[in-house]
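Input: a single structure, listed below in structure tokens.
Because the structure is predicted, anything quoted here is derived from the model rather than measured. Protein chains get the first letters and strands the later ones, always in sequence-line order, with residue 1 at the start of each.
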Amino acid sequence: MSEISKTASPATARPLMKTLLPWIGFFILLLALPNIFSSNVGLYTMNLMGIFVIFALSYNMLLGQGGMLSFGHAVYFGLGGFMSVHFMNYIEDGDFTFPMYLIPIFGGLIGLVFGIIIGSFSTRRAGTVFAMISLGVGELMAASSLIFVAFFGGEEGVSGDRTTGPDLMGINFGQDIHIYYLIAGWVFVTVALMYLFSRTPAGRMANAVRDNAERAEFVGYSQRKVRFVSFCASGFFAGIAGGLFALNFEIVTEENLNALTSGTVLLMAYIGGVGFFIGPIVGAVIFTLLQSILSNYTDIWQLYVGILFVLTVMYVPQGLTGIFMMHTAAWRMRRVGSLILPYLRAGVPALAMLTGIAAFLETIHHMRSSVEGETAMSMMGVDFDSHSFVAWIVILALVVVGGYLTRSQLPQLKEAWEMANKPPAQREGAGS
Amino acid sequence: MTAAIELQDLRKSFGPTEIIRGVNLSIADGERHAIIGPNGAGKSTLFHLISGRYNVSGGTVSLHGENISNLPPYEIYRKGLSRSFQVTNIFPNMSVFENVRCGLMWVHDYKYSFWHLIDRQKELNERTAEVIEEIGLTSRQHIPAGVLTYAEQRALEIGIAAAGGADVIMLDEPTAGMSHSETDQAIALIRKITEGRTLVMVEHDMGVVFDLADRISVLVYGEIIASDTPENIRNSKAVQEAYLGAEAEE
Amino acid sequence: MLEVTDLHAFYGKSHILQGVNFHVGEGEIVSLLGRNGVGRSTTIKAIMGEVPPHGSIKFRGEEISGLKEHEIAHRGLGYVPENRDVFPGMTVRQNLIMGIKDMKKQGRWAMEDMFKMFPNLRERADVDAGVLSGGEQQMLTMCRTLMGDPDLVMIDEPTEGLAPKIVAQVGDLLSEIAKRGVSILLVEQKLAIALRISHRLYVMGHGHMVYEGTPDELKANEQIRKEWLEV
Amino acid sequence: ADTIKIAFIDPLSGPFAATGTSGFKQAQFAADMLVNQKGGVIDGKMFEIVGFDNKISPKESLVQLKRAIGEGIHYIMQGNSSGVANALTDAVKKHNDRNPDDLVLFMNYSAVDPALTNEKCNFWHFRFDANANIKMNALTDVIAADDSIKKVYIIGQDYSFGKAVAAGAVKYLGEKRPDIEIVGNELHPIGKVKDFTPYATKIRASEADAIITGNWGADMVGLAKAIGDAGIESPVYTYYAANDGITKTIGASGKDKIRLVHEGRVNPPPTDEYKAYHMAFKEKYPEADISQFRIANALVMLANAMNQTKSTDPAKVAMALEGMEYTTIQGDKVVMRAEDHQLMQPISISVHTDENIILDADNSGYGLVTEKTISAADADIPPSGCNMERPAS
Amino acid sequence: MLELIFFSLLNGVVTGLLLFMLASGLTLIFSMMGVLNFAHASFYMLGAYFAYTISIYLGFWVGLIVAPILVGLLGAVVERYGLRYVHRWGHVAELIFTFGLAFLIEEVVQFIWGKDTKAYHEPEILQFPLFTFFGQNFPAYKAFMLVISIGIFILLLLILTRSRVGLIIQAAIHKPNMTAMLGHNVPLVFMGVFGVGCALAGLAGVIAGPALGTFPGMAFVLGSIVFVIVVVGGLGSLTGAFVASLLIGLLQTFAIALDYSVNDLLQLFNISFDADSALRDLWTLSLPQIAPILPYLLLILILIFRPTGLFGNRET
Ligand SMILES: Nc1ncnc2c1ncn2[C@@H]1O[C@H](COP(=O)(O)OP(=O)(O)OP(=O)(O)O)[C@@H](O)[C@H]1O
Ligand SMILES: Nc1ncnc2c1ncn2[C@@H]1O[C@H](COP(=O)(O)OP(=O)(O)OP(=O)(O)O)[C@@H](O)[C@H]1O
Ligand SMILES: CC(C)C[C@H](N)C(=O)O
Ligand SMILES: [Mg+2]
Ligand SMILES: [Mg+2]
């Protein structure tokens, strides 16, 4: 018996401190961020990130953990938003009193209620049928939102004011920085809850059903119920994200529940990596960054996002997080250091090539969209004439030379990679 | 005493063809029962009918005297019947440990709980570790099940089926595709794991069958042509003709 | 007809075939014996191009190593895999149709022949192959390959998982195939069948041939059987 | 000297991009010709129009507003869709309430939902276009005068402006010609209808003698095309059935059939100054037209207000704009009514034709010829329900 | 009323057949390769844009022939260098790949052609009313659309039922090696089918471009409705797609044509309602208003009660 307890899952044996450490780090990070990025744009971006982090994580409860591909997840997000904004208005009108910062609860609840309603028939099946039902429900809701004006406000949506109602220690959340801390608080709590959910029997069975729904039935679980539970939980958290959206923007419109938003969350989760808990977080952060920062610098940022997305699906199906996780083996063996140099040697020319390609696209775009005769443009702080011969030579050189050098470095990179990941000389096995 | 499993005039048709044609069989509590028969006789189908994977077209299946025909698989499992599959059927992306734990969760009464942290459930995890120990996969417990070798997967398949402590265990060709030494290990494992329970299995490897079974039923074209002790079956003319055939040659 | 010289093959870095030499003549049944894991299946896969082959493989005097799988099949080689690789979502009939390479040409075998040989299949002709019993799937795989009218079939462990009685049936089928002028390269574990129907036998050791002879010779050669075949 | 940035928040992509981008060009051109080339404002500060694409979404507009504010912009300009304007005016008010040191002023050049200057009026919002009721009042005068019209079909986009048009039509027709039967009053989703044929079929089947619509952008193109294809002969009374590809689509099939109510005149060109301005614009943007002359008025009035107060502080500028009088380069005298921030200006009714066209639209040979102009005073509809909170100063 | 019904019927059939042209390519790709191609409508859009550009220089008719071929080739390239690569990551990855592709194509189209609507028009010789009925015109171009779509239906039906291509592909999805060893050139067939499917979408684009407008959002507008058709008709069933296309085309036109509302229904039973209640939108709901949601309602109902669709026989 004593032998057995030794082999128990290490998770149970793991010291509490070690489990908590990442969470404490996360907490401190959330507190520190606004001091680092204190500009308006910085705050705005981080608020959006927070909302999308919750939203994307809730999405991954379906796709990554439960194997349900949904094209209509924005429904719960949007409904959560609408519900919250209505409650904001009730508070403003004095119909009832409730602290504004807890409003997202209502979002979560309506997400849950609709999760229960829609989940009751859509989780009956998985795979394509589920995906198509989600698509249908998504479109149906989006179209209905334009019809049921009393609740959805039609084309204009519903606006509210977040500064009314009982305040929190004199703060009425008028400023973005207040909202930041509010969102951060919610992010911390919901991320923790969603993480914990994945560690419960329901969460584990969601994985099992994703892997092999049929077998799950032969260990006592109805696959439909398992999916249903995940689906409802996911709707709940998406609703909370929607509520935060309502608080942050003080307006909720049809867009919050339409296919575009559903697509965006899928994109975020997938780019980040659906196989990892933090994948969607990474995805949401990167996507929001691209969306709000890149769009300041270039008109064609969506083109870049599209390219990034397609390349991710093609070459790193585990998502960007997957790229980091690929290094864990090397990291454990303390060999990551040996990769730095090869990475640099391949990375610098690759960067040059990418710059070249971006310059090419930007220049073409500029030539086509600017007014007749206007040829001066700037990119990354460099001013040049889009019609000049020199500019094109430079672009060409960047692409060709960069591309050639990158290619020439690849074999070395591959070798270094294999070296770093070679298992250490077979030591005595731990017995079997 | 009621039988562990009782089949009464069980029938199954796919479209116009009747595959199981009125099977009557009673398997006593604690018995190790083997079902043999030619390919396509309907052995796996019979398993599917009992375990709820297929709906029956006629007749009844009873478990400990209770009619379980046409219940969904999970209901049947909850009543104490657990099975393995002829074609390996595990959770490939989850670790071996999690695979086995999934087989234990329901019986430990966690159901669809989302308020228990699973890693904190001491008893459950200890029991999981025990089962893994029994199937000899302790050193591989954190590896995704999908990358195990074939024999290891077969062992895991049996492990998941047996983990939950169901009192009736059904194994469909547990040793298929194993080498001789692996087969021997598997027999030992099955013997150990089914100690004190009812075992129903399908096997083509006569060595295994005669080694393990208390009683053997022979299924031919959806009908049971004989159900008897191993010796009697081995000597039965009808069985030799229908199934063993050229076996004597080697 | 088939002439394999100095064939090497690798899985990743492990060198599985280390210079295999053998040949199969017109109308001949040749068996490839050996213990588990010596590389018999790999040999066939290398010939079919599923595993990249290194060395020379000549079929009717033409070099076929390096060709694509479908090109090799069109030269007249047929392959029956060991793991009952039926197309589960298609009916038995569709599976058989899939075997045909050229719809316009009438080959040695018609679908009717197949059904005659295995009435089981006729009965199940419009059922998805995936739900066939293991044994039925094995029969189907074999028939499917024959539908392509190969001049040489390579069959990998056709009796694996079959009921003892059907095993005998398979032996008869193989003889029947040979009678129609098709050469056979058979990989078998069950010595009995191989000895009964083959014209010649090879015994394979680790990655290369260790013995060649007729069934009678092998029966007489206790030593080889002890060392390379028995477990 | 430094520049004064003005955020132009409008659809620069999507089904209404044509209208948005054309407005953007007109704004840039007006800032350049009428402000910057005349020496800028105060002591040489130049206007810079910065485009922000809102994809015609209220939500996205607020996002763009945040961005604009983040970039230190204090003046925003928007016009396409009253839905967006409703959201913006609300957001601007909230922003100014919460950030009294960082004020923003909203110049609405085209969103004509009457509510914006009535119940939703707001000190920081100024409208430089005549509102939907003022325009409908003028349009129904023309309809009422035509005795052959007995049945009218109203069709519009399903949002606040479309509804305002429908409500206005029902109200004024009811007052002026109670005998006219309204045989259809229909709203369709905005920007989403792929094919207007079913609507055309319905209109035709209703045997209406006239059609009233406020459709614009892609929705007007589609509707015009379907009406033309179905061979419907009834006259169409509209707000925005010209330029940005619409005139070209209608072409010969709409000759003398389509009547528009609008501010500003094109044919005959009201003044030489305007004609020169129009031609200069065509020179620079051969593919576009001056379709929204009010944009120029808005910018010049803003410049005047800044010059007057010698300040770029939105609070002072807003005060100066209230009640400001200005004579446009078309020679019209316009006044920004202090009470509700609605610009009082003459409006015209014009017809789609290819005769007597000096300045055509879409380079199609067709254009608008003004048949009737109503003076600012006659066109007036007094504000109702505007309770404006003015900042204490 | 007769006029309304007659023309609604005609319009519905025209819309339906146009939808079918799109759906047929998608069905082809889906039934054969198991790929739910989210980028399908994007290829349709490319067809319209290619044809637009070609028509500027060489006229409509050249565009009609060349543009679908170009789109088909592009589709083949996408299959060869994208989809085939992604295939190894499984179905979800494939689906997501096409989803990303749809996004990318829209961006690329905007990059190349800009964001505004293109002046792509039907050819002069088809710009006349084919007939006039009750004083309402039926444009010749619509008749042209009708003929082409029916032609495609017949052609595809022949290809699908008279050839083995379908089987080969289906086999190759799951077991490419085995299929190749039976003598079938799998990669080529895959590329071909995907290319043909895309070419069909392209053709639909060429024809629909002048009628429905050529703008960057045109793919998005139709994208999901095509899925509805394919699913409602039964995944992989060409006949199903045909029937579903007509059904949805008619549903949409008739919903717009017939002005009935919940209110009418209530009055029938002499029920009145409170004009201020929160549910007022529900009571005043009219058929034209809910026209856009009908297809999706249909989709959900079908999936709940008959997950295989009207004519389908498999779920995934
Ligand atoms: N879902 C189904 N639809 C149609 N026929 C089926 C289905 N499932 C099984 N069958 C048929 O039922 C018969 C019995 O199959 P089963 O798998 O039970 O055989 P078995 O006795 O297990 O054989 P083996 O020993 O080869 O595994 C076979 O002929 C098979 O084709
Ligand atoms: N896909 C693979 N990757 C790596 N190694 C492989 C692979 N397939 C087979 N091997 C190894 O190659 C060797 C030869 O395998 P092969 O399948 O040819 O053996 P065999 O002689 O046919 O034996 P069996 O009786 O098991 O069929 C074995 O050691 C096997 O482990
Ligand atoms: C640009 C304009 C056509 C906008 C329209 N007048 C509205 O109020 O929404
Ligand atoms: Mg079986
Ligand atoms: Mg083998």
Any side-chain heavy-atom pair of E:Trp89 and A:Val313 under 4.5 Å
no

What pairs meet the side-chain hydrogen bond (donor to acceptor under 3.5 Å, both in side chains) rule with one or both residues in residues 219-239 of chain E, with sequence neighbours excluded?
A:Glu139-E:Ser224, E:Ser224-E:Tyr296

What part of A:Ile133 is in contact with chain E, defined as an atom under 4.5 angstrom from a non-hydrogen atom: side chain, backbone, both or neither?
both

Closest heavy-atom pair, A:Ala143 versus E:Ile293, reported as atoms and distance to 0.1 Å, is CB-CG2, 2.9 Å

Less than 4.5 Å apart, side chain to side chain, heavy atoms only: is that true for E:Glu107 and A:Tyr304?
no

Using non-hydrogen atoms only, which part of E:Leu297 is less than 4.5 Å away from chain A: side chain, backbone, both, or neither?
both

Can you confirm whether or not the ring centre of E:Phe227 sits under 6.0 Å from the ring centre of A:Phe71?
no

When the 4.5 angstrom heavy-atom criterion is applied to A:Leu303 and chain E, the contacting part is both

Set of side-chain hydrogen bond (donor to acceptor under 3.5 Å, both in side chains) partners for A:Glu254, sequence neighbours left out:
none

So, the part of E:Val108 with a heavy atom under 4.5 Å from chain A: the answer is both

May I ask you to decide if the ring planes of E:Phe99 and A:Phe309 are parallel, tilted or perpendicular, using 30° and 60° as cut-offs?
perpendicular

May I ask you to test the E:Leu303-A:Arg125 pair for a side-chain heavy-atom distance under 4.5 Å?
no

